[in-house]
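Report on one structure; see the data block that follows.
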Amino acid sequence: SGTPTTPGTYTVGLTASNEGGDGTATLTINVQSNPNAPSITSDLIANGQINTAFSYQITAAKSPTSYTAGNLPAGLTINTSTGLISGTPTTGGTFAATITALNDSGSDVKTLQIIIRNPTLTLTPSTLQPFTAAAGFSSGQQSYTLSGLQLTTSITVRAPQHFEISADGSPFTGEIAFNPVGDGTLSKTIVVRLASSAPPGLFNGSISHLGSGATPKYLEVNGTVSTTDPTLTVSTASLEPFTTAAGVASSIQTYEVSGASLTGNITITAPSGFEVGADEESFGEAVIMTPVNGALSATAIYVRLRNDA
C-alpha cells in the first residue's frame, strides 16, 4: 500500500509460502500520472553569461503551488513560490539542473540544461617594445594578436592619444571594432605605431580591448618623438682623380650616403662631365633616395666620368 509518486510501469515478483511450499507470480503495476499534477511547459535550455544577470522562469500547467531546482550554477537561486531562477552566475560551463513543479496532486520533474558562457580575450605578446620616431614621421611598426572565445558581440580596440592601429591591411586609425565568427571566436593581428602627427615628447598609455562581456584587456605602449635636426652623412669628403680615354667612360668609384630625421627625398646630382648611379649598371645625372620613417640607411653611390666628357 502507499501513494505512488512516479509514473511508469513496474514489474513486481510475488511469493506466497505455507508448509506445503512456495508459490510465485509476477505482478505488473501501471502507475499513471495524476491528471491534476503539474506539467512543466517551459523551454528546457537556457543560456547565460558569467558575471551577467540571469533569469529563467519555470512555467507549468495545472497550477503548481511550489517549485524546486537542483544543481544550479554558482550564483543562481530559485524562488520556490514563483519558479523564477535568477542571479548572477560566477562560473562558466554547461549544467544539468533538475527542476520540479508541485501541487497537491503530484509533481513534474525535468532536466534543464543551463549554458553559461565565459567570454575571454587574450593578447599575444602581452608587451611591446618602446616606439621611437622623428618629429613629422610615424614610428616603426609592432604587432600583436588579439584572440577571443565564447564572444557574442563585437570587440572594440582603441589606441591612446598619439598612437594608431591597423588590421587586415586597413588604414591606420585610432579605433577598430572586430566581430567574432559564428562559433564565437576571434583572432586578429593588430599593427601599432606612433602617429606622424605626434608632437615631440614622451608618450605612454594603453590600447584597450572591450566588449562582449569579457574582462577588458589592456596593452601598455610608450614612445618618444625626437626633435633632432635633419642630418646627412657622406662616407668620404673626396674621391681619387678619374682618368679615361676619349669616348670611354672611366672606371667607377663609390661612396656611401646616410641620413636621419629627414623630411623628404634626397637628390644626389653629378657635376658636369660626371654621372652617378644607385648600382654599377644604371647611370644618369642624378639619383633620388627615399628615407624610411625619416631615416636613410647607408647607401652606396656609384660615380664615373662620362664617355662623352
Side-chain angles (χ1 to χ4, degrees), residues 121-148 151 153-180 186-212 214-237 255-269 278 286-301:
L121 297 175
T122 304
L123 306 180
T124 307
S126 58
T127 59
L128 296 178
Q129 297 299 312
F131 293 82
T132 59
F137 294 90
S138 57
S139 70
Q141 301 175 1
Q142 298 184 57
S143 64
Y144 66 97
T145 299
L146 166 65
S147 303
L151 306 176
T153 58
S154 64
I155 301 298
T156 299
V157 182
R158 185 176 295 112
Q161 186 178 20
H162 303 310
F163 289 85
E164 54 190 5
I165 54 178
S166 173
D168 300 324
S170 64
F172 279 88
T173 183
E175 180 178 310
I176 306 176
F178 298 108
N179 292 314
L186 176 66
S187 181
K188 288 291 181 180
T189 298
I190 300 174
V191 182
V192 191
R193 70 183 185 187
L194 263 172
S196 60
S197 59
L202 176 64
F203 305 100
N204 56 71
S206 296
I207 302 174
S208 62
H209 308 77
L210 310 171
S212 200
T215 300
K217 291 290 184 178
Y218 299 92
L219 180 64
E220 293 187 2
V221 289
N222 65 82
T224 303
V225 177
S226 65
T227 57
T228 305
D229 291 333
T231 58
L232 272 179
T233 302
V234 179
S235 61
T236 182
Y255 67 97
E256 291 185 340
V257 176
S258 60
S261 301
L262 304 174
T263 59
N265 291 339
I266 301 301
T267 301
I268 298 175
T269 304
V287 172
I288 298 176
M289 297 182 293
T290 302
V292 177
N293 294 323
L296 180 66
S297 59
T299 303
I301 301 298

List the atom pairs, with distances to 0.1 Å, where a side-chain N or O of residues 186-206 and a protein N or O form a donor-acceptor pair under 3.5 Å, not counting sequence neighbours.
residue: K188; atom: NZ; partner: D168; partner atom: OD2; Å: 2.8
residue: R193; atom: NE; partner: E164; partner atom: OE2; Å: 2.6
residue: R193; atom: NH2; partner: E164; partner atom: OE2; Å: 3.0

Looking at L121 and L146, what are the two nearest heavy atoms and their distance?
CD2-CD1, 4.2 Å
dist I155:CD1 -> N179:CG (nearest 0.5 Å) comes out at 9.5 Å
How close do T267 and A286 get, counting heavy atoms only, and between which atoms?
CG2-CB, 4.2 Å
Of all heavy-atom pairs linking A167 and S170, the shortest is O-OG, 2.7 Å
So do the side chains of S139 and T132 get within less than 4.5 Å of each other, counting heavy atoms only?
no
Donor-acceptor pair, side chain of H209 and main chain of V157, under 3.5 angstrom
no
Has S235 got a side-chain atom pairing as donor or acceptor with E256's backbone, closer than 3.5 angstrom?
yes
With a sphere of 6.0 Å drawn around CD of E175, does it hold more than 12 non-hydrogen atoms of other residues, nucleotides or ligands?
yes
Measuring from atom OG of S166 to atom CD1 of I176, what distance do you get when rounded to the nearest 0.5 angstrom?
5.5 Å
Kindly determine whether V257 and L296 satisfy side-chain contact (heavy atoms from CB on, under 4.5 Å), including the steps that lead there.
CA-CA 8 Å; V257 176; L296 180 66; 4.2 Å; yes
Going from CD1 on I288 to CD1 on I268, what distance comes out if it is rounded to the nearest 0.5 angstrom?
10.5 Å
Do the side chain of S258 and the main chain of A298 share a donor and acceptor less than 3.5 angstrom apart?
no
Do F137 and V292 have side chains that get closer than 4.5 Å, going by heavy atoms?
no
Do you know the tightest heavy-atom contact between M289 and I301?
SD-CD1, 4.0 Å
Nearest 0.5 Å, please: how far is OG1 in T290 from CG in N265?
3.5 Å
Do Y218 and I207 make a side-chain contact, defined as non-hydrogen atoms from C-beta onward lying under 4.5 Å apart?
no
To the nearest 0.5 angstrom, please state how far the OH atom of Y144 sits from the OG1 atom of T122.
12.5 Å
Nearest atoms (heavy-atom pairs only) where A159 meets I165
CB-CG2, 4.0 Å
Could you report the tightest heavy-atom contact between G140 and F131, atom names first, then the distance?
O-CD2, 3.5 Å
S261 side chain to P230 backbone, donor-acceptor under 3.5 Å:
no
